[in-house]
Amino acid sequence: MYFCAGVQYGKMNKKLPKYLLGKYQLLGTVTFSVLFAIVFLNLYIPFSDTAWFGLGNSVNFLATAGFMFISMLILIVSRVIMYKTQDMFDMTYLWYVIWCLGEVVVICMLYTFVTVDVTGPSDRDYLNIFLKSLLYGSIALIIPYIISGMFIAIVEKNRTIRLMRYQSRTADQSRESSRGSGQLTFFDNGGVLKFSVNSSDLYYIESDDNYINVWYSDKKGALKMYMLRCRLKTVEDSFRDSALMRCHRKYIVNLLRARVFRKEKDGYFIDLDSDSIGPIPVSKTYYENIMKYFASDSSRDRS
């Protein structure tokens, strides 16, 4: 029994996949959860003795609209904080579950106080109202959270399958890029070839939501940018074990073009061998991988 409990805790303590913390994934989760909750709450109103929701010309329409707006605002603020802080600490499955339950508790507390104010019960039994709202609030929010997470996981799995279909085409170029030669080809989300550049001309790749910006130098040495619809994670997986390494949530850098890797008061940075490119930040998540690359690279130079 203790072994099973330990295994379950180990699973819950694993790092949450980054694709569940993407901007559009979080926005989609909130949107779907709000719509699901509205439908569910309207279905359960006839069976509840504390429900006061009303739409259309109902007396409680303004209270209903106000509660839904504030609840949606709570979810949006919560998910924005989750998105903004994902680089500050590793979000595990356990912390994600606790975070989601926290959202439910806060909204149910709001519902409890609004219910007492709107219905004006004589006994003002806050605890009873809160426990009932917690039950129905959990159903209204946790279920869409689970469905949304499963849907995002399926989409990510399908994306990985598409990646595997053409990953073999990029395996050879990954090995060539680690030697500083060869062409690097980039595919869109559908696996269609969109762009090719010499590995020695590429500086870094920047994430722009569901797009990436590939920064490179042309034949005249001028800095250029090419945008295509592709996730940074796809590029990271395609060129694994090469000089193209993820150093930040938003950046993949060609370490063959790195001039200085330095530490400042506000973090670590990589300076590339181009004065027109500012410092590229290195987050704590990817710091060790960058250090290992430079350590192994210096070992090869000594040998």
Side-chain angles (χ1 to χ4, degrees), residues 18-19 22-24 83-84 86-87 159 162-163 166-167 169-264 266-294 297:
K18 284 290 185 181
Y19 60 77
K23 181 186 299 184
Y24 290 106
Y83 176 76
K84 294 293 185 180
Q86 60 180 291
D87 282 340
R159 186 202 64 79
R162 292 200 303 269
L163 169 65
Y166 66 82
Q167 195 169 32
R169 288 179 282 175
T170 62
D172 292 337
Q173 63 177 330
S174 294
R175 288 189 287 270
E176 289 178 351
S177 67
S178 66
R179 297 192 296 266
S181 62
Q183 291 290 118
L184 302 179
T185 52
F186 294 87
F187 302 82
D188 63 12
N189 286 335
V192 178
L193 175 62
K194 289 292 185 179
F195 179 65
S196 179
V197 64
N198 194 294
S199 59
S200 61
D201 294 330
L202 189 144
Y203 286 104
Y204 69 99
I205 304 167
E206 179 184 20
S207 173
D208 187 7
D209 291 332
N210 288 328
Y211 291 82
I212 59 171
N213 299 323
V214 182
W215 293 90
Y216 66 100
S217 60
D218 62 12
K219 294 181 180 180
K220 297 181 180 180
L223 186 64
K224 299 290 184 179
M225 185 270 285
Y226 184 87
M227 174 185 284
L228 72 152
R229 188 175 181 83
C230 177
R231 296 180 60 202
L232 202 64
K233 177 64 175 176
T234 302
V235 180
E236 180 185 9
D237 292 341
S238 298
F239 295 99
R240 196 174 297 277
D241 299 324
S242 75
L244 297 183
M245 293 190 66
R246 187 81 172 258
C247 65
H248 188 271
R249 177 174 56 87
K250 291 190 61 177
Y251 299 103
I252 287 178
V253 65
N254 183 3
L255 294 179
L256 295 175
R257 304 303 302 262
R259 182 169 56 192
V260 176
F261 178 45
R262 55 189 172 85
K263 180 181 179 181
E264 300 292 342
D266 53 345
Y268 293 88
F269 297 90
I270 294 176
D271 293 327
L272 301 179
D273 57 359
S274 174
D275 295 334
S276 57
I277 299 176
I280 305 295
V282 178
S283 62
K284 294 180 180 179
T285 304
Y286 305 100
Y287 165 75
E288 290 186 4
N289 292 336
I290 300 296
M291 285 295 294
K292 287 179 182 178
Y293 177 87
F294 282 113
D297 191 50

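Taking all atoms of both residues into account, the shortest heavy-atom contact from A258 to I270 is CB-CG2, 3.9 Å. Listed here is the closest heavy atom pair of I252 and L232: CD1-O, 3.7 Å. What you find for Y293 and S242 is that their closest heavy atoms are CE1-O, 4.5 Å. What you find for S199 and N254 is that their closest heavy atoms are O-ND2, 2.9 Å. When all heavy atoms of K194 and Y226 are compared, the pair lying nearest together is O-OH, 3.3 Å. When every heavy atom of C247 is checked against every heavy atom of P281, the shortest pair comes out as SG-O, 3.5 Å.
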Item to check | Working for side-chain contact (heavy atoms from CB on, under 4.5 Å), residues F195 and V214 | outcome: CA-CA 9 Å; F195 179 65; V214 182; 3.8 Å; yes

Item to check | side-chain contact (heavy atoms from CB on, under 4.5 Å) between S200 and L256, intermediate numbers included | outcome: CA-CA 8 Å; S200 61; L256 295 175; over 6 Å; no

Checklist entry - After noting the C-alpha distance and the side-chain angles of R257 and L202, does the key distance pass the side-chain contact (heavy atoms from CB on, under 4.5 Å) rule? => result CA-CA 8 Å; R257 304 303 302 262; L202 189 144; over 6 Å; no

Item to check | Derivation and outcome, side-chain contact (heavy atoms from CB on, under 4.5 Å), residues E206 and Y204 | outcome: CA-CA 7 Å; E206 179 184 20; Y204 69 99; 4.0 Å; yes

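You'll find the side chain of Y211 stays beyond 4.5 Å of the side chain of L228, heavy atoms only. R229 places a side-chain heavy atom less than 4.5 Å from the side chain of N210. Counting heavy atoms from C-beta outward, N289 and R246 have side chains that stay 4.5 Å or more apart. Between V282 and H248 the shortest side-chain heavy-atom distance does not fall below 4.5 Å. Looking at heavy atoms from C-beta onward, L255 lies in side-chain contact with I290 at the 4.5 angstrom threshold.
To the nearest 0.5 angstrom, C230 atom SG is 8.5 Å from I205 atom CD1. Put simply, NZ on K224 and CG on D218 are 5.5 Å apart, with the number rounded to the nearest 0.5 Å. Remark: S283 OG to K250 NZ distance equals 12.5 Å, nearest 0.5 Å.
A ring-centre distance under 6.0 Å is not found for Y286 and Y251. Taking the six-membered ring for Trp, F239 and F186 have ring centres closer than 6.0 Å.
Using modelled atom types and a 3.5 Å distance limit, the side chains of R249 and Y83 yield a donor-acceptor pair.
Applying the ring-ring contact (aromatic ring centres under 6.0 Å, His included) rule to F261 yields the partners Y268, F294; only residues at least two apart in sequence or on another chain are considered. D275 meets the salt bridge (charged side-chain N to carboxylate O under 4.0 Å, His left out) test with R259; sequence neighbours excluded.
At most 12 heavy atoms of other shown residues, nucleotides or ligands fall within 6.0 angstrom of atom CD in E288. Environment of CE in M291: sparse, with no more than 12 heavy atoms of neighbouring residues, nucleotides or ligands closer than 6.0 Å.
No side-chain donor-acceptor contact under 3.5 Å links D208 to the backbone of I212.
Residue Y216 is tested with L223, V197, L184 for a side chain to side chain contact (heavy atoms under 4.5 Å, CB included); the sole match is V197.
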